[in-house]
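Lettering of chains follows the sequences in order, A, B, ..., and the numbering in each one begins at 1.
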Number of protein chains: 2
Amino acid sequence: MKEGPDIARVAALIGDPARANMLTALMTGKALTATELAAEAGVTSQTASTHLAKLDGGNLLRVRKQGRHKYFSLATDDVAAVLEGLMGLAAKSGHLRTRTGPRDASLRKARVCYNHLAGDMGIRMFDSFHGRGFLVLEGEALRLTSEGAEFVAGFGIDLDKLTAQKSPLCKECLDWSARRSHLAGSLGRALLSRIETLGWAKRDPDSRAVIFTQRGEAAFARQLAVATV
Amino acid sequence: MKEGPDIARVAALIGDPARANMLTALMTGKALTATELAAEAGVTSQTASTHLAKLDGGNLLRVRKQGRHKYFSLATDDVAAVLEGLMGLAAKSGHLRTRTGPRDASLRKARVCYNHLAGDMGIRMFDSFHGRGFLVLEGEALRLTSEGAEFVAGFGIDLDKLTAQKSPLCKECLDWSARRSHLAGSLGRALLSRIETLGWAKRDPDSRAVIFTQRGEAAFARQLAVATV
DNA sequence: TTCATAGTTCGACCCTAATCGAACCATCTG
DNA sequence: CAGATGGTTCGATTAGGGTCGAACTATGAA
């Protein structure tokens, strides 16, 4: 009774209705912001904040700060597995679902996100870079490989100018609509800027949408599909 | 926030330190009495009683009444699996172990339990009967099959006399030392009585021990090993 | 710069639920 | 039968923690 592996502490974390609702909402695998989770749990943002702090303290969550937002997702698959098991025990099902993302199709496709490219096009770019070994995840950080540097240089970007800045070159950014990663940082901003310069796309002045021209989208896709060798 | 599969309720059940200690103590697979679990949790018997009622109400436990005792075990393997998962999440291990059973070897081997045979010999008998299809579990009840009836009749037991009684013929009884099932009920009592009549064993007048003679143990083992066909 | 929004911290309130003492019931022992 | 033990129920106490209002910080937008 004195020591123990403290299964009680973890279970108690999950045992609060508000926190349980948050965790079940995160079972989709998507990341949600604090306010979204607050709504999901049916509590105010203050209480949600304390709850999320506790869940994070119990290593049940993974937290990523994103500007003035904070994105939460389940820490590991193990957490999801335990939640799944608990759902099984609580035989009576009846899931909650959570509304997500922008309803505007053009925003989903491509938009600016703090001056870099987000939406489906942003994700495609990130996936391509990652899959071709241009970007590697090192712990929490994102590093541009020499192959990657070569590619962006060939794309017309002056890396030296970027690395001279104080702000980080590469940052992983969580996509709003799809909730997957895309490229942020000064490089992300430079890439979007270059795309605009090339005339492949231009920003919609009334919204965050980024409108690709037909020719621009084709050229963009061609760049992403280029084999490394 | 209104409905939900109520993962919170189950988690909250496990989330109380006292209850968590009880559940971890039951992770061995053995059944424990209410007082043992109270000691394990470090609470009084009253509080333990309420805790156990709640755990039972949440379908986390299986309960078997045994005279003035109440034996608790985990309801299903699923429960154990979830607990295992929670332990994994609560990384820091350090298990509790619980003292068990009689220290006297002869008592472990064979003893009377409310006038029927318990201990290793009792378990061997139950396992043999069960494995040969003499006894079948039907829900919570235990039924003697026609093959079983034939066998015990051949062993010299008057079944008609037993079935005429009001008390149940077959009952599953949880073994004190090994915490596994053996045969109780009027049949269990009749079997022990018959064993004594045959001179295979006699009771120790100073304890609960049942002392088998060498010849008796051999004959007993032979009976249990007999193939049905 | 000023405004708006996301999130946090502090403080106070309140309510649930764990706990135990005491009395009670059920079952075994002698 | 009386005595002992295992377990439950009731009631009162208490502590822990969830909750929100209000004030505060940080980041982005205009």
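Across the protein-nucleic acid pair, A:Leu37 atom CG and D:dG18 atom P stand 16 Å apart, rounded to whole Å. Nucleotide D:dG28 holds its P atom 11 Å from the CZ atom of A:Arg189, rounded to whole Å. The separation between B:His51 atom NE2 and C:dT16 atom C1' is 14 Å, rounded to whole Å. When rounded to the nearest whole Å, the span between OH of B:Tyr71 and C1' of C:dT27 equals 14 Å. Summarising the geometry, the separation between CG on B:Leu52 and P on C:dT19 is reported as 12 Å, rounded to the nearest angstrom. Rounded to whole angstrom, the span from the CG atom of B:Leu55 across to the P atom of D:dT8 amounts to 12 Å. When the C1' atom of C:dT16 is taken as reference, atom CG of A:Asp16 falls 12 Å away, rounded to whole Å. Atoms CE (B:Met22) and P (D:dG7) sit 11 Å apart, rounded to a whole Å.
Remark: the A:Gln46 side chain and the A:Ser49 side chain contain no N/O donor-acceptor pair separated by less than 3.5 Å. In summary, the side chains of B:Ser193 and B:Glu196 do not present any donor paired with an acceptor at a separation below 3.5 Å, with no hydrogens or angles considered.
Scanning atom types as modelled, no donor and acceptor separated by under 3.5 angstrom connect the side chain of B:Gln46 and the base of D:dG7.
Here the side chain of B:Arg68 is nearest to one of D:dT19, D:dG6, C:dC20, namely D:dG6. Distances from the side chain of B:Thr35 to the nucleotides D:dG7, C:dG7, D:dG18 place D:dG7 closest. Candidate nucleotides C:dT19, C:dC20, D:dT8 were compared by shortest atom distance to the side chain of B:Lys70, and D:dT8 ranks first. When the nucleotides C:dT19, D:dG18, C:dG7 are ranked by their closest atom to the side chain of A:Thr33, C:dG7 comes out on top. Of all nucleotides listed (C:dA18, D:dT9, C:dA6), C:dA6 comes nearest to the side chain of A:His69.
Taken to the nearest 0.5 Å, the CZ atom of A:Arg143 stands 10.0 Å off from the CG atom of A:Leu135. One distance of note links CG of B:Leu61 with CG of B:Leu26; it measures 6.5 Å at 0.5 Å rounding. The CZ atom of A:Arg194 sits 6.5 Å away from atom CZ of A:Phe155, with the distance rounded to the nearest 0.5 Å.
Using a 4.0 Å heavy-atom distance criterion, A:Lys54 is classed as a sugar-phosphate-only contact. Counting non-hydrogen atoms under 4.0 angstrom, A:Ala18 reaches the backbone sugars and phosphates but no base.
An OP1 or OP2 oxygen of D:dT8 is reached within less than 4.0 angstrom by a side-chain nitrogen or oxygen of B:Ser49. Considering only side-chain N and O atoms, A:Thr44 lies nowhere under 4.0 angstrom from the phosphate OP1 or OP2 of D:dT19. Contact annotation: A:Ser45 side-chain N/O to C:dG7 OP1/OP2 distance is not under 4.0 Å.
Comparing A:Thr47 and B:Thr47 by the nucleotide of DNA chain D that holds the closest heavy atom to each, the one mapping nearer the 5' end is B:Thr47.
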